[in-house]
Amino acid sequence: QVQLVESGGGLVQAGGSLRLSCAASGRTFSNYAVGWFRRAPGKEREIVAGISWSGISPSYGNSVKGRFTISRDNAKNTVYLQMNSLKPEDTAVYYCAAGGSVGRLFRGESDYWGQGTQVTVSS
């Protein structure tokens with residue numbers, strides 16, 4: 001089992017920045033790809049970003065490319081999501097998830113999920 005705990009959400013004005021953290025415990029976290037997803041009220045879940053176990057070649061959803069950066073520190077069992085130039089449409093609950101590969105995460109196939117952290121962007 002892998003337990004995932006998100007933190008760093010909050011209220012920010014449009015144009016501002018937040019950094020989310022996903023802290024993992026349990027089985028060897030460094031073996032897993034990790035993704036960030038979000039779900040806005042009334043909308044489908046959307047993948048935001050994914051990163052492989054090595055941290056090489058992260059992938060991003062089209063709506064956040066150029067604004068968000070995913071990274072990981074396997075020594076700290078933590079994955080980060082740096083969110084810049086935030087927009088009101090980024091408002092959502094953000095979840096991290098771990099799975100076998102970034103490709104599987106982008107297909108919605110995840111083995112473990114966190115509980116989520118709320119991000120609210122005011123206009």
Side-chain angles (χ1 to χ4, degrees):
Q1 289 285 330
V2 173
Q3 292 79 41
L4 303 173
V5 178
E6 303 94 336
S7 62
L11 174 65
V12 64
Q13 289 189 331
S17 298
L18 282 175
R19 188 176 80 157
L20 305 183
S21 298
C22 173
S25 60
R27 297 185 66 180
T28 307
F29 179 64
S30 59
N31 289 345
Y32 290 89
V34 176
W36 283 97
F37 294 77
R38 66 186 182 187
R39 186 189 295 271
K43 294 187 177 180
E44 297 287 324
R45 186 182 68 198
E46 173 188 16
I47 187 161
V48 173
I51 191 166
S52 66
W53 66 270
S54 66
I56 297 173
S57 300
S59 299
Y60 298 93
N62 289 333
S63 61
V64 305
K65 283 181 181 177
R67 299 188 297 123
F68 290 11
T69 302
I70 188 171
S71 61
R72 69 189 296 163
D73 185 340
N74 287 337
K76 296 183 178 179
N77 284 349
T78 303
V79 172
Y80 304 98
L81 184 68
Q82 178 67 43
M83 306 186 295
N84 298 329
S85 302
L86 283 161
K87 305 174 182 180
E89 51 264 43
D90 294 317
T91 295
V93 178
Y94 283 71
Y95 302 87
C96 65
S101 69
V102 172
R104 287 189 62 208
L105 292 173
F106 269 73
R107 293 193 296 272
E109 301 168 6
S110 305
D111 297 323
Y112 304 102
W113 287 91
Q115 294 299 307
T117 185
Q118 176 71 46
V119 171
T120 303
V121 184
S122 63
S123 57

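In what follows, residues are counted from 1 in the order of the sequence shown.
To the nearest 0.5 Å, atom OG1 of residue Thr78 and atom CG of residue Leu4 are 10.5 Å apart. We find the OG1-CD1 distance between Thr69 and Ile51 to be 10.0 Å, quoted to the nearest 0.5 Å. A distance of 7.0 Å separates OG of Ser30 from CG of Asn77, quoted to the nearest 0.5 Å. Once rounded to the nearest 0.5 Å, the distance linking CG of Asn84 with CZ of Arg19 reads 11.5 Å. The distance from atom OH of Tyr95 to atom CD of Glu6, rounded to the nearest 0.5 Å, is 8.5 Å. For the atom pair CG of Leu20 and CD of Gln82, the computed distance is 9.0 Å after rounding to the nearest 0.5 Å.
For the pair Leu86 and Leu18, the tightest heavy-atom approach, listed with the atom from each and the gap, is CD1-N, 3.8 Å. The two residues Ala24 and Val2 come nearest to each other via the heavy atoms CB-CG1, 4.2 Å. Smallest separation of non-hydrogen atoms from Phe106 and Ala49: CE1-C, 4.3 Å. Closest approach of Ala97 and Leu105 over heavy atoms only: O-CD2, 4.2 Å. What you find for Ala33 and Ser101 is that their closest heavy atoms are CB-C, 3.5 Å.
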If you look only at distance, which donor and acceptor atoms sit under 3.5 Å apart when one is on a side chain in residues 35-44 and the other is two or more places apart or in another chain?
| residue | atom | partner | partner atom | Å |
| --- | --- | --- | --- | --- |
| Arg38 | NE | Glu46 | OE1 | 2.8 |
| Arg38 | NH1 | Asp90 | OD1 | 2.9 |
| Arg38 | NH1 | Tyr94 | OH | 2.9 |
| Arg38 | NH2 | Glu46 | OE1 | 3.3 |
| Arg38 | NH2 | Ser63 | OG | 3.2 |

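Linking Ile, Leu, Val, Met, Phe, Trp and Tyr residues whenever their side-chain heavy atoms come within less than 4.5 Å places Val48 and Tyr60 in a single cluster. Follow the hydrophobic side-chain contacts under 4.5 Å out from Val79 and you reach Val119 in the same cluster. With hydrophobic clusters built from ILVMFWY side chains whose heavy atoms lie under 4.5 angstrom apart, Val12 shares a cluster with Phe68. Both Ile70 and Tyr112 are members of a single hydrophobic cluster when ILVMFWY side chains are connected at heavy-atom separations under 4.5 Å.
Counting non-hydrogen atoms of neighbouring residues, nucleotides and ligands closer than 6.0 angstrom, the CH2 atom of Trp113 exceeds 12 such neighbours. Open room surrounds CD on Gln115; 12 or fewer heavy atoms of other groups in view lie less than 6.0 Å from it.
Under the 4.5 Å side-chain criterion, counting only non-hydrogen atoms from C-beta, Met83 is not in contact with Val64. Side-chain contact between Leu11 and Gln118 is absent, with no heavy atoms from C-beta onward closer than 4.5 Å.
By the 6.0 Å and 45° rule, Arg72 stacks over the aromatic ring of Phe29.
Identified under the disulfide bond (SG atoms under 2.5 Å apart) test for residues 27-123, with sequence neighbours left out: Cys22-Cys96.
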